[in-house]
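Right, one structure below, let's go through it.
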Amino acid sequence: MTVSLGAPFELPPEDRASSPCTGYTRAHWEAAADGMLEAAWKWATPGGARLDLPGPPSHSGVRSDGLEGYARTFLAAGFRVAGAGGVDPNGLLERYADGLDAGTRTPGRDDAESWPLILDHDVQGQPMVESASVALGLRLTRPWLWDRLSHDVRDRAEHWLRGALRHVPAGNNWYLFPYTVAGFLESVGRGDTETARARERALELLESWYRGEGWYADGDGRAFDHYNGWALHLYPLLDAHLSGDAGESARHGARLREHLESFSLMFGGDGAPLHFGRSLTYRFAATAGVGLGAVTGHTPLTPGASRRVASGALRYFLDRGAVDDSGLLSLGWHGPHAATLQTYSGPASPYWASKAFVSLLAPAGHPLWSSPEEAAPSEGPDRVLSVPAAGFLVQSTRADGVVRLHNHGSDHVRPDERESAADEDPLYARLAYSTVTGPTSAANTADNQLSVTVGGARSARRRIHPLGCGHGDGWGWAASWHLPVFPAGPTTVPGLRVESAVVARGHHELRLHRVLGAPDGARAELTGWATDPGGTVRSRLWGLHGWEAPEDVRAPQGTAFARWATVPRLAAEVTGTVVLAALASLTAGPEDDPEPADVVGRVTVAGDTVEVHWARDGARTRVTFGGAAVTVDHGPVGSFG
């Protein structure tokens, strides 16, 4: 008996005995991989070198997109076959062997099969990205594919792959692509000084990007997002695991373990990853680090909790239309969603989701699959967790399974990049993100934003400067400052600066802002979460000090979660230095949210200090803005003067 659970291909029946949370087992993962691969291969060229999936091309062009289809699906096939010990019931490896032969015969030629050459990232860089998936697919399947190729095909494949070692990557996780290519070449006896240097350079940069607590910046600067799991941890640890290098495995594994201490909390009770950062169309690839941790043993999670997180995300997307009627992964989040994409997104881009299938490297008898599912971290007691290395505050509530990320540290602005309002990125610039909401379109009112309007121009938040974060028992805080930048007229206003702090308890957020140097006639605006007004997810925003009456603003272009959304907004006239306080909430449970008077009993503002008395338990929070830092005290009444 087979059933279809939100996907157009067949999946095994649910197994609620071993998987009480998701019903998914290892067989579901294999079936999902098989179904998506079979659907993609219907669009292969006659020689199998390109999978030209339907849809508008990326800025790299159709030929590069076709290589992307080959390479990224090969990665899924590699995990699928290697995890089964070489069993290949659908003859996948024969197809990829034929494609490798056809694609490397005349690289760079403009014909139906030839792969584009690998050049510098700013000239023709996308093939460098795909070279890593090709190399990793070959490494995973070496006994059943590479070792059976003719010497001519092997030499041609090596020649094409070496283009990744001889050209300049983008200044971020891209350096791990030549690293991965070099690792494969060395694993098949084709290493030399060129491969050694590519690996050394990548590890040098990776070390310089490490910020602590298991978090890497994606290049110079402060870009923290899902690339930590599906790239910056994945490539070096998987390389060490495949090579059997115990020392490197321990080093990279220790960092992954620490990363998962916080990252594993960033999946909602429904399985959804946080909708935050770029390349979100890769969807369940967000579980790659969770799966690799289970495969290598470098994880703080039990096997049952690891499977709960990984299978939860896979099922979340399959049940919500991520795979279209033909079995292809669409460009978007649930289904198609243009605002989720980047210019480099092409029809085959979503198949970086293949990285999630690293879980299949754990064989059937592995504890990842044999242990019963256990609750995910977000399904335990309410938690508030600070991540100082990234400037994050993570807030989860058990009653509704919602996870919220308060962003006071990740901005996706390079150190040498000028701050421009025109380049504001909704996937990084907002104050908060969650597993049940997405940011509004750049063309609509921004959600979760503190902006200042001067002379009719509304400011944007670009570079984020952390001011600290921390947490205690059931509460936490984070703070940052930014320089408001404007899209029209002068880019900045002399002396104007915004400091922001959040204190989270339960599902409530105390949002505090100090606006400094506001010119006469300036107006501050604060927005909350963007939600479907008729949906089950509810957003509230109340002014506690300094704000005028709230209003709801329409966002007709909606979000990745809502076709049409509204955003609560507060406003205030500001001149000079002004301290503002508000209370926000985001809930998805059946209970009604209490009124603010039932949450906050009294708010006192004296100079740059805000003191809040919480109504339910008599606790008190004091926040003091100090320019170079924000200090936060929290405890019962009488715990501080």
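The first residue in the sequence is number 1, and the count goes up from there.
- Pairs engaging residues 24-41 under the salt bridge (Lys or Arg N to Asp or Glu O under 4.0 Å) rule: Arg26-Glu30, Glu30-Arg80, Asp34-Arg80, Glu38-Arg95 [sequence neighbours left out].
- Of the charged side-chain nitrogens involved, at least one lies within less than 4.0 Å of a carboxylate oxygen, so that Glu14 and Arg315 count as a salt-bridged pair.
- The side-chain hydrogen bond (donor to acceptor under 3.5 Å, both in side chains) test applied to Ser262 returns Trp215, not counting sequence neighbours.
- In this structure, His408 contributes its side chain and Ala390 its backbone to no donor-acceptor pair below 3.5 Å.
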Decide side chain to side chain contact (heavy atoms under 4.5 Å, CB included) for Leu431 and Asn407; before the verdict, give the C-alpha distance in whole Å, the side-chain angles of both, and the deciding distance to 0.1 Å. CA-CA 5 Å; Leu431 288 163; Asn407 177 30; over 6 Å; no
Check the pair Arg463, Glu417 against salt bridge (charged side-chain N to carboxylate O under 4.0 Å, His left out), reporting the backbone distance first and the verdict last. CA-CA 10 Å; Arg463 197 182 306 278; Glu417 184 178 351; over 6 Å; no
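- With sequence neighbours left out, the side-chain contact (heavy atoms from CB on, under 4.5 Å) criterion links Trp43 to Leu53, Pro54, Leu328.
- No donor-acceptor distance shorter than 3.5 angstrom exists from the side chain of Asp382 to the backbone of Gly506, with no hydrogens or angles considered.
- Partners of Asp400 according to the side-chain hydrogen bond (donor to acceptor under 3.5 Å, both in side chains) rule, which considers only residues two or more places apart in sequence or in another chain, are Thr397.
- Heavy-atom contacts from other residues, nucleotides or ligands closer than 6.0 Å to CG of Asp122 number more than 12.
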Is there a ring pair (Phe, Tyr, Trp, His ring centres under 6.0 Å) between His233 and Tyr216 once you walk through the steps? CA-CA 9 Å; His233 283 288; Tyr216 292 96; 5.1 Å; yes
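- Using modelled atom types, one side-chain atom of Thr73 and one backbone atom of Gly69 make a donor-acceptor pair closer than 3.5 Å.
- The two residues Ala582 and Leu570 have their closest heavy-atom pair at CB-CD1, 3.7 Å.
- Legend: residues meeting salt bridge (charged side-chain N to carboxylate O under 4.0 Å, His left out) with Asp52, ordered by chain and number and at least two apart, are Arg50.
- The stretch residues 341-361 participates, sequence neighbours left out, in no salt bridge (Lys or Arg N to Asp or Glu O under 4.0 Å) pair at all.
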Going through the checks in order, is the side chain to side chain contact (heavy atoms under 4.5 Å, CB included) test met by Phe357 and Leu361? CA-CA 8 Å; Phe357 293 105; Leu361 292 184; over 6 Å; no
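- In this structure, Trp333 CH2 and Leu280 CG are separated by 5.5 Å, a value rounded to the nearest 0.5 Å.
- Judged as a salt bridge (charged side-chain N to carboxylate O under 4.0 Å, His left out), and not counting sequence neighbours, Arg283 has no contacts.
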Are Arg538 and Leu586 close enough, and set up right, to give a side chain to side chain contact (heavy atoms under 4.5 Å, CB included), and what steps lead you there? CA-CA 6 Å; Arg538 299 181 302 281; Leu586 176 70; over 6 Å; no
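- Among residues two or more places apart in sequence or in another chain, the side-chain contact (heavy atoms from CB on, under 4.5 Å) test is passed with Pro57 by Val62, Asp65.
- For Thr340 (side chain) and Gly332 (main-chain N/O), no donor-acceptor pair under 3.5 Å exists by modelled atom type.
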Using side chain to side chain donor-acceptor pair (under 3.5 Å), reason through Asn448 and Arg511 one step at a time and then give a plain yes or no. CA-CA 10 Å; Asn448 288 317; Arg511 298 188 178 188; 2.7 Å; yes
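- Using modelled atom types, one side-chain atom of Arg462 and one backbone atom of Ser420 make a donor-acceptor pair closer than 3.5 Å.
- Taking the six-membered ring where the residue is Trp, Phe317 and Phe284 present tilted rings, their angle falling between 30° and 60°.
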Could you go through the ring pair (Phe, Tyr, Trp, His ring centres under 6.0 Å) check for His226 and Trp230 one step at a time? CA-CA 7 Å; His226 289 296; Trp230 63 43; 5.5 Å; yes
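- Note on ring orientation: taking the six-membered ring where Trp is involved, the planes of Tyr282 and Trp352 are tilted (angle from 30° to 60°).
- Each of Asp447, Asp411, Asp425 was compared with Arg430 under the salt bridge (Lys or Arg N to Asp or Glu O under 4.0 Å) criterion, and only Asp447 meets it.
- Every residue meeting the side-chain contact (heavy atoms from CB on, under 4.5 Å) condition with Ser451, not counting sequence neighbours, appears here in chain and number order: Arg458, Ser459, Glu525.
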Check the pair Phe561 / His334 against ring pair (Phe, Tyr, Trp, His ring centres under 6.0 Å), numbers first and verdict last. CA-CA 8 Å; Phe561 296 79; His334 294 158; 5.3 Å; yes
I'd like to know whether Val498 forms a side chain to side chain contact (heavy atoms under 4.5 Å, CB included) with Ser500, so could you lay out the CA-CA distance, the side-chain angles of the two residues, the decisive distance to 0.1 Å, and finally the verdict. CA-CA 7 Å; Val498 171; Ser500 303; 3.7 Å; yes
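- Between Arg72 and Glu130, at least one side-chain N (NZ, or NE/NH1/NH2) sits under 4.0 Å from a carboxylate O, which counts as a salt bridge.
- Between the side chain of Arg308 and the backbone N or O of Ala375 there is no donor-acceptor pair closer than 3.5 Å.
- For the residue pair Trp209 and Asp218, no side-chain donor N or O sits within less than 3.5 Å of a side-chain acceptor on the partner.
- Taking Trp115 as the reference, nothing meets the side-chain hydrogen bond (donor to acceptor under 3.5 Å, both in side chains) condition, with sequence neighbours excluded.
- Between Phe267 and Phe263, the two ring planes are perpendicular [angle over 60°; tilted spans 30° to 60°].
- Residues that satisfy the side-chain contact (heavy atoms from CB on, under 4.5 Å) test with Gln124, not counting sequence neighbours, are Pro116, Leu117, Leu119, Pro127.
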Passes side chain to side chain donor-acceptor pair (under 3.5 Å), Trp41 versus Tyr96? Steps please. CA-CA 10 Å; Trp41 266 93; Tyr96 285 103; 3.0 Å; yes
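- In this view, Ser378 satisfies the side-chain hydrogen bond (donor to acceptor under 3.5 Å, both in side chains) rule with no residue, not counting sequence neighbours.
- Electrostatic pairing of Glu551 and Arg569 counts as a salt bridge here, judged by a charged N lying under 4.0 Å from a carboxylate O.
- Within the 3.5 Å criterion, the main-chain N or O of Gly61 finds no donor-acceptor partner in the side chain of Ser64.
- Checking side-chain atoms of Asp552 against main-chain N and O of Thr566 turns up no donor-acceptor pair under 3.5 Å.
- Within the 3.5 Å criterion, the main-chain N or O of Thr437 finds a donor-acceptor partner in the side chain of Ser434.
- For the pair Arg278 and Tyr227, the cation-pi criterion (under 6.0 Å, within 45° of the ring axis) is fulfilled.
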Tyr70 vs Ser133, test: side chain to side chain donor-acceptor pair (under 3.5 Å). Steps then yes/no. CA-CA 9 Å; Tyr70 173 95; Ser133 292; over 6 Å; no
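- His412 contributes no side-chain N or O that, together with a main-chain N or O of Asp225, makes up a donor-acceptor pair within less than 3.5 Å.
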Side chain to side chain donor-acceptor pair (under 3.5 Å), that's the test. Do Thr440 and Gln557 meet it? Break it down for me. CA-CA 7 Å; Thr440 54; Gln557 287 184 274; over 6 Å; no
